[in-house]
Amino acid sequence: MPFEFEKANIEGVLLIKPKVFFDERGFFLETYKKSQFLEAGISEDFFQDNFSFSKKGVVRGLHLQRKPKPQSKLVRCIKGEILDVVVDVRLNSNTFGKWLSFELNDSNQHILYVPEGFLHGFVVLSDAAIVHYKASNEYCPDCEDGVIFNDKTLNIDWKVQKPIVSQKDMLLKNFLEFEAYK
Ligand SMILES: Cc1cn([C@H]2C[C@H](O)[C@@H](COP(=O)(O)OP(=O)(O)O[C@H]3O[C@H](C)C(=O)[C@H](O)[C@H]3O)O2)c(=O)[nH]c1=O
């Protein structure tokens, strides 16, 4: 089976480990397969692919889209290394406010499944990083919400000294002001 699905310590979050086929030319791997992902419980369709390039120390996030266009995501770092962060903000979740971080890089080729109802962000640990991810709904600016990356309540360890953050992300609200996802 080309994929291994590993349950993370928050219900719903999956770390997906593709099988990499090496040969004298280089390597090949599948990065998505409907039938296997369905078996693992990822039944939704993905309607948009995203691609971002970021320099060392860049933090993107913490973002989510609310209904009517919520997004689950399949996140992959195709060049370099990122620390990918997810925060459970689902109403009545017993892990509400809990966050996890995962090192995704072009060596482990790991893919992170981020369900709806999670804030998502990442920081670039390598000189630069290219991130590709699938989203289960199309971009909806009016549905966007988020929390500032360095929120004191969440106290996420981003592992970089001088994060590079967009002006937009610097204006995101604190976690205590954030309305749970329902
Ligand atoms: C997200 C998005 C953005 N844009 C446009 C809007 C802006 O003019 C420009 C940059 O957008 P933004 O600064 O929101 O990009 P990121 O900070 O990388 O946002 C992403 O950051 C974290 C990691 C996420 O998980 C989300 O997918 C997404 O919010 O691209 C689009 O045209 N389509 C889109 O789907």
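For ligands, and for the atoms within them, numbers begin at 1 and follow the listed sequence.
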Quick check on ligand 1: any N or O pairs to the protein under 3.5 Å? One line per pair.
from     : atom 1 : to   : atom 2 : distance (Å)
ligand 1 : 14 (O) : K168 : NZ     : 2.8
ligand 1 : 18 (O) : R60  : NH1    : 2.9
ligand 1 : 19 (O) : H63  : ND1    : 3.4
ligand 1 : 21 (O) : H63  : ND1    : 3.0
ligand 1 : 25 (O) : K73  : NZ     : 3.0
ligand 1 : 25 (O) : H120 : ND1    : 2.7
ligand 1 : 27 (O) : Y133 : OH     : 2.8
ligand 1 : 29 (O) : H63  : ND1    : 2.7
ligand 1 : 35 (O) : Q48  : NE2    : 2.9

Test item: side-chain donor near acceptor, Y139 and Q48, under 3.5 Å: no
Just by distance, with hydrogens left out, do Q71 and S136 show a side-chain donor and acceptor under 3.5 Å apart? no
For N105 and E103, does a side-chain donor sit closer than 3.5 Å to a side-chain acceptor? no
Closest heavy-atom contact between V124 and S126? CG1-O, 3.3 Å
F3: partners by ring pair (Phe, Tyr, Trp, His ring centres under 6.0 Å), with sequence neighbours left out: F37
Looking only at side chains, do N50 and H132 share a donor and an acceptor under 3.5 Å apart? no
